[in-house]
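Naming: A, B, ... by sequence-line order, numbering from 1 per chain. Since the model is a prediction, treat every value here as computed from it, not as a measurement.
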Amino acid sequence: MTAQLLQVENLQVAFSTRHGTVTALHGIDIALAAGETLGVVGESGSGKSVTSLAVMRLLDRAGKITGGRVLFEGRDITHAGHADLRRLRGSALSMIFQNPRAALNPIRTVEQQIVDVLAAHGRLSRANARAQALDLLRAVLIRDPEARLGAYPHELSGGMCQRVMIAMAIACEPVLLIADEPTTGLDVTTQQTVMELLARIKAERGMAMILITHDLGLAARWCDRIAVMESGRVVEQGETVALFEAPAHPYTRRLVAASPTRRSTLADLAPPGLARDAAPVVTVPREHGPGTPPLLELVNVVKSFGGPTRAVDDVSFKIPQGGALGLVGESGSGKSTLSRLICRLIDPDDGDIVFDGESIARVPAREFHQSPRRRDIQIVFQDPNDSLNPRHTAFDSIAYPLRRLEGLRDGAALQTRVREAAARAGLPMDLLQRFPHQLSGGQKARVGIARAVAPRPRLLVLDEPTAALDVSVQAVILQLLDRLRREDGIGLLFVSHDLNVVRMLCDDLVVLQAGRVVEAGRSQQVFQRPQADYTRTLLEAVPYFDPQRTELLKTA
Amino acid sequence: MSDLALNSSSTGRHIAYVLRSNPVTALAATGTLMLVLIAILAPVLAPYDPVASNVPQALQPPSWAHLAGTDQLGRDILSRIIWAARIDLMIAVSAVSLSFVAGAVIGGFCGYRGGRLDRWVGRFVDVLMAFPLFVLAMALVAALGNRVENIVIATAVINLPFYIRFARAEVNVRRNAGWVEAARACGDSHLSVVLRVLLPNVLPAMAVQISLNLGWAILNAAGLSFIGLGVTAPTPEWGIMVAEGARFITTGKWWLVAMPGLALMLTVLCFNLLGDGLRDILDPRMRT
């Protein structure tokens, strides 16, 4: 073996908690050569982040390295003192985090923060501190770097903040950069530019990089080698293409199966146990007479929040009875505003919302809770962690719309309805007595769906329901939604930034940009022959999981 | 319902767990419970009539006959302390409930609605807090009339700003949460979102405030009585007892002041210690 830059041998980490010691890493081995990119993939709780924190020796007080060692450039840094570590961090080892906005100090300017890093490692000559900071901002391709020097983090977009973080991370020319989910939470187009930037900087400076991600598409596209982690163990490790083409470990196979590729259908994403649910998606044209009005129709809807720009600008579209429409756009495109308008949580400034032939925009949102239409339109929210009342058990959460909308009292009828809704959402009955903090992300998402389907709505608005979920959970939730539609005839409005997911679930799609519809049509058509430039950009930025295509990109 | 039974027994287990893991809370809870019992059972527990004077027995130091001694009119201090627990607790609990309910609702709506209502109420609260609170209470009692109800009102008013601010801040950070919008999709009006959904969620944090405030309210009531407002002699009340006893402390008759003072101190201490434990009991996130 050649000399490795970083060598992690049998590393074990444990956390002490209220319920005794919990082992987070059960002895992992990772090696990384200079200039190499290693992808660490796995789902939440697999120990990816703990690994990187342990390597950086940034574990919090409850966490401890209980065995094994970390060699950096041949030196054992497992028990290095604070002074040694401080010298290493930043100058030789560097890290960028998820949520760049939270990682930057909100009350210091970009220049001050970059200079702080330089000063901490004695790489600063007072005279040209500003020039150095400027060079770094140029290196991360920030537009108008002179003006950005004096900016505060809140004045920058998420992608800009991540660029500043990268500038700080490379300020002292580290030989190893650890990127922990560097693009999660950014728009797809921003994601792509950030990753391109990282790859460029890596190549220019000959850095090695560890990319920690839950997104196999991202890992496949940018990494030389991949380590797959599951519950604190590295279950498989190897060259990217070889590993993804012929995954050996069952967990890797499951992950690969659950990651949508360019051509996959919902049925392809089936985890083995659930295959029977996943009949091929045939859009059966439902029996509706020619005179049947569409389930939902938006007519020139406009909404602004007081500023000069309109959040939703003259949007019209239709969803047929029992149909599924995808609403795609990046942050700020107005898609969340639109979903709240349709759910009648806020009022449009102009235009009409017609539900089943009846205008529902005339009833003000303030009084819509009394409308008989209230139960017909339900919503599933983006972040399952944030969409359940912390004081309600799963049972109470699901029972809430039944109590409020149908006036059901505690009793057998309520029990039956809640259990029925839970069953439809695939939520195990023994979880009904749990509070949200005792449930996993996927379980919370199911509670959210069960709550929305409990009053037997006819239209379900899904506001990025899978954005915060692991791929395997996403696959299951998507299949569940598809089944609800096919079996119960519920119409779906699926709001998402992920075109590929929308393509699999929806017949039609509408692409939004800055509050306006830029393209609308049948999903397959839009996907294969996009008309608008913006749609094309969006499509190109989606990190498909597609090992062969990756090869092409790299050789090109 | 079996589910219901399961739920209540797990609540019981949770309370037991909090008390076990936090002995100070258990002690404070016991103390508070005893205090309430003493107040309720005052007629049974007090060995003497609290207002009957017995001048030949005046100013006796603590003895077996009079465990806490007697005052200048020969009244048994222990009996007076026991009876005083009634009136002091009554004032404190009603004042704090009043300001809690009003403060939570006003603050809750301000935090949820924001805008002009929030700004106006915010400025009003600022003005209220700019007064020295005890002086404000004095002024209120003097203006409204020297009666026990007015002590309650005055105490409630000076506590109100804390509750408004607290409820406002706590509701404000939660008003955009997904579960608040979800409740609206489930058929709640804005009104019931605040009352049924948001306020129950801020309750645990406010419980700490309640407990602390009970201590302040008792001190405040006693303080008002001490300067001659509110409860008047010969009604037994800790503040009056301290005030009347103060004249005799220079002659070495310490028990006149020390005994009711001790009762006051222990009560306030119990309430303050109870606060943190209450939050742990009421917060479902502490249940595992």
Side-chain angles (χ1 to χ4, degrees), chain A residues 17-19 339-340 343-346 365-371 374-375 377-393 395-407 410-412 414-415 418 432-438 444 448 451-452 454-455 457 461 463, chain B residues 1-11 13-14 17-18 20-22 109 112-115 170-171 173-207 279-288:
Chain A
T17 70
R18 181 164 152 182
H19 301 286
S339 62
R340 276 156 186 76
C343 290
R344 303 298 293 114
L345 298 174
I346 50 178
R366 192 157 33 83
E367 281 156 28
F368 194 71
H369 62 100
Q370 293 162 337
S371 160
R374 176 71 280 169
R375 52 177 292 193
I377 307 173
Q378 288 294 315
I379 179 167
V380 177
F381 291 94
Q382 176 170 16
D383 185 355
N385 302 312
D386 176 60
S387 62
L388 300 179
N389 188 334
R391 292 187 68 79
H392 281 177
T393 59
F395 182 92
D396 289 327
S397 277
I398 302 170
Y400 200 74
L402 298 173
R403 288 183 171 134
R404 303 292 296 146
L405 285 167
E406 301 188 17
D410 289 296
L414 185 71
Q415 290 270 340
V418 169
L432 283 177
Q433 291 309 319
R434 296 216 188 156
F435 285 98
H437 69 276
Q438 298 163 322
K444 276 185 265 196
R451 174 178 60 193
V461 176
D463 188 2
Chain B
M1 273 340 319
S2 64
D3 283 333
L4 216 66
L6 189 95
N7 222 351
S8 62
S9 87
S10 89
T11 306
R13 262 208 311 279
H14 173 68
Y17 171 82
V18 169
R20 225 182 10 258
S21 63
N22 193 349
F109 276 103
Y112 184 69
R113 280 282 304 278
E170 294 282 317
V171 166
V173 298
R174 291 173 174 81
R175 71 171 172 178
N176 289 323
W179 45 269
V180 173
E181 285 194 308
R184 289 195 56 213
C186 292
D188 274 350
S189 59
H190 286 301
L191 182 76
S192 54
V193 163
V194 175
L195 296 184
R196 286 166 173 272
V197 179
L198 280 166
L199 285 183
N201 267 288
V202 287
L203 211 66
M206 290 187 81
R279 186 196 47 210
D280 292 353
I281 289 172
L282 290 174
D283 190 348
R285 257 165 303 185
M286 301 297 292
R287 295 184 204 177
T288 36

**Student:** Hey, is CZ on B:Arg113 packed in by over 12 heavy atoms from elsewhere, all under 6.0 Å?
**Tutor:** no
**Student:** Side chain from CB out, backbone as N, CA, C, O: work out which of these in A:Arg451 comes under 4.5 Å of a heavy atom of chain B, or both, or neither.
**Tutor:** side chain
**Student:** With only heavy atoms counted, which part of A:Arg340 is less than 4.5 Å from chain B, the side chain, the backbone, both or neither?
**Tutor:**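 It is the side chain, since no backbone atom gets that close.
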**Student:** Please name the pair of heavy atoms, one in B:Pro200 and one in A:Arg391, separated by the smallest distance, quoted to 0.1 Å.
**Tutor:**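 Heavy-atom minimum between the residues: O-CD, 2.8 Å.
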**Student:** Please name all residues satisfying side-chain contact (heavy atoms from CB on, under 4.5 Å) with B:Arg196, sequence neighbours left out, ordered by chain then number.
**Tutor:** A:Tyr400, A:Arg404, B:Asp188, B:Ser192
**Student:** Tell me whether A:Asp386 contacts the main-chain N or O of B:Gly178 through its side chain, where contact means a donor paired with an acceptor under 3.5 Å.
**Tutor:**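 Yes, the answer is positive, given that a donor and an acceptor are paired below the 3.5 Å cut-off.
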**Student:** Does the side chain of A:Pro390 come within less than 4.5 Å of B:Trp179's, by heavy atoms?
**Tutor:**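 B:Trp179 reaches A:Pro390 side chain to side chain.
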**Student:** Give, as side chain, backbone, both or neither, the part of A:Ala365 having an atom under 4.5 angstrom from any heavy atom of chain B.
**Tutor:**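 Contact with chain B is through both the backbone and side chain of A:Ala365.
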**Student:** Which value, rounded to the nearest 0.5 Å, describes the distance between B:Ser189 atom OG and A:Gln370 atom CD?
**Tutor:** 7.5 Å
**Student:** Closest approach of A:Leu405 and B:Cys186, non-hydrogen atoms and distance?
**Tutor:**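 Taking every non-hydrogen atom into account, CG-O, 3.2 Å.
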**Student:** Of all the heavy-atom pairs spanning B:Ala182 and A:Ser387, show the shortest one and how long it is.
**Tutor:** CB-O, 4.2 Å
**Student:** Would you compute the distance between atom CZ of B:Arg184 and atom NE2 of A:His369 and round it to the nearest 0.5 angstrom?
**Tutor:** 8.5 Å
